[in-house]
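Below, each value reflects all heavy atoms present in this structure, side chains not excepted, and no hydrogens, waters or symmetry copies.
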There are 2 protein chains.
Amino acid sequence: MPQPSAPRKAPGRPARISREEIIDTARRIVAEGGVKGLTMRRLAAEVGSTPMAIYHHVRDKEELLVLLLDDYAARTLRRSRLPADSRERVVAAAGAVHDALAACPWIVEVLTADDLMSTSALWFVEQIVDGLVECGLPLDRAVHGYRAIWYYTAGEIVVRATAARRRADDDRATYREHVFADLDPAELPRLAQASERWAALTAEDTYEDGLRALVDGLLAGRRG
Amino acid sequence: MPQPSAPRKAPGRPARISREEIIDTARRIVAEGGVKGLTMRRLAAEVGSTPMAIYHHVRDKEELLVLLLDDYAARTLRRSRLPADSRERVVAAAGAVHDALAACPWIVEVLTADDLMSTSALWFVEQIVDGLVECGLPLDRAVHGYRAIWYYTAGEIVVRATAARRRADDDRATYREHVFADLDPAELPRLAQASERWAALTAEDTYEDGLRALVDGLLAGRRG
DNA sequence: GTACTTTTTCTTACACGTACGGAAATCTGT
DNA sequence: ACAGATTTCCGTACGTGTAAGAAAAAGTAC
């Protein structure tokens, strides 16, 4: 792996391709043909090299995708004006991250990352943690609260994106409907009651509602 | 795809392998060698057939994994005694599902499923929705509440599992530490303040805390 | 029995990610 | 100029998921 800050002139064979060039080309390929069109061979061809040359700048394809997501986040997550009220600031910051990521369709393959990704997202993390602290949470609890918000956000995006992908692929979606159509009202009364509306209810975008509920619950802070 | 309920005797060449046999064998392979050891070729060999024969019982590998997860859920999710108190019942039901899934290490490859999977999980969904209704939520809100709980739960599992996998793989974990070590306290004061404890805080298991906060927030129900 | 239909199985082939090892291109020291 | 050292690049090879279509094995109709 090449160190980012080579102090002087480096010995060894000079590099003909750079990580930046790789990422730029990969971004273009994804923009044109989706993440499915991004193959190491294609990428190598477009960059004027060979597949195995890329592996000296990138550990594997997963790292390349993470790098791509970082790149995407860095250029779409612009710090916006957030509300002055602390609680609203938490909601708005989380919502901004959510919206940016949700607009990125190939995200699922990557979004299983631990923390939030690129340094450009850290500012939003700061806003969330700080907002929670200003609302009276101790720092530890605020960090845990941020984690909970991130779990909720990542889960929402991944679940919805996968559902959309499956729906586009084929008819697996109809399977759920079958399950819900044949519910025994004696055993699962609530689900039977909601069965007809289940698909519609599930399709609704309730991210912000759930987020507000989570934040409210975090700030109400029962327990010692 | 063979229809599950062939009414009489079927014409055509008789099947030598069944979906059940495939899933059983796949489960054994995963139990022995992890999900990484499960390849279509290996599976075909162990089932005494050829790779392409399997594709007549299973759409693709992803569906096979979903089937495996369903199978796993069906045999580990046993209906247990849940608390009588509605709110506690919601927490306990969600916790039971969470614990069962979190114990399944290969889950990440699959858990991006839309709803909860097998019919054996529906009972838990019922408990959650019913508990929320009994706490006073209208049915629509209860279903949305269940969705929020599922987002949070799935997100927690996926994020943690991926983090664990990355940590096992290599040294990418140290990258985050570098980022947090070089924070500018002027720009990101809270993160800088928490930077040293960040890894420890992140490692803590706060699933239930977040879940309770979410449930509390859902039940407090501000907004109209 | 022979022809046709239907269902399952198998053969072949392709593009993929990437491990391995060696070749090429540069710098440093003599 | 020459000999390492070091870094980057690349040719080859393996195992993967699976698309396409041929082949096999059963039933039915005549």
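- In this structure, CD of B:Glu63 is placed 15 Å from P of D:dG17, rounded to the nearest angstrom.
- Taking every side-chain heavy atom of A:Ala15 into account, D:dC9 is the closest of C:dT18, D:dC9, D:dT18.
- In terms of heavy-atom proximity, A:Ala94 sits nearest to A:Leu211 at CB-CD2, 3.8 Å.
- Between A:His57 atom NE2 and D:dT7 atom C1' the separation is 10 Å, expressed in whole Å.
- Spacing between atom CG of B:Leu64 and atom P of D:dT16 amounts to 15 Å, rounded to whole angstrom units.
- Inter-residue side-chain proximity for B:Ile128 and B:Trp150 is flagged as unmet; no heavy-atom pair is nearer than 4.5 Å.
- Between A:Arg79 and A:Glu126 there is no salt bridge, since none of the side-chain N atoms of the basic residue sits less than 4.0 Å from a carboxylate O of the acidic one.
- Atoms CD and CZ, from A:Glu204 and B:Arg147 in turn, are 10.5 Å apart once rounded to the nearest 0.5 Å.
- The distance between atom CZ of A:Arg13 and atom P of D:dT8, rounded to the nearest whole Å, is 10 Å.
- OP1 or OP2 of C:dT7 has not a single side-chain nitrogen or oxygen of B:Arg16 nearer than 4.0 Å.
- Across the protein-nucleic acid pair, A:Ile22 atom CD1 and D:dT8 atom P stand 11 Å apart, rounded to whole Å.
- No side-chain heavy atom of A:Thr206 sits under 4.5 Å from any side-chain heavy atom of A:Leu201.
- To the nearest angstrom, C1' of C:dT9 lies 14 Å from CD of B:Glu21.
- Taking for each of B:Gly12 and B:Met52 the nucleotide of DNA chain D with the nearest heavy atom, the 5'-most of the two is the partner of B:Met52.
- The CZ-P distance, from A:Arg19 to D:dT8, rounds to 12 Å in whole Å.
- The two residues A:Leu65 and A:Leu38 make their nearest non-hydrogen contact at CD2-CD2, 4.1 Å.
- For residues 34-51 of chain A, proximity to DNA chain C is found at A:Leu38, A:Thr39, A:Met40, A:Arg41, A:Pro51, defined as any non-hydrogen atom under 4.0 angstrom from a strand atom.
- In this structure, NZ of A:Lys61 is placed 8 Å from P of C:dT18, rounded to the nearest angstrom.
- In this structure, B:His56 does not reach the C:dC10 phosphate: none of its side-chain N or O atoms is under 4.0 Å from OP1 or OP2.
- Here the side chains of B:Tyr152 and A:Glu156 are not in contact, with every heavy-atom distance at 4.5 Å or above.
- Note on A:Ala53: a base of the nucleic acid sits closer than 4.0 angstrom, heavy atoms only.
- With C:dC27, C:dA25, D:dG27 as the candidates, the nucleotide lying closest to the side chain of B:Pro11 is D:dG27.
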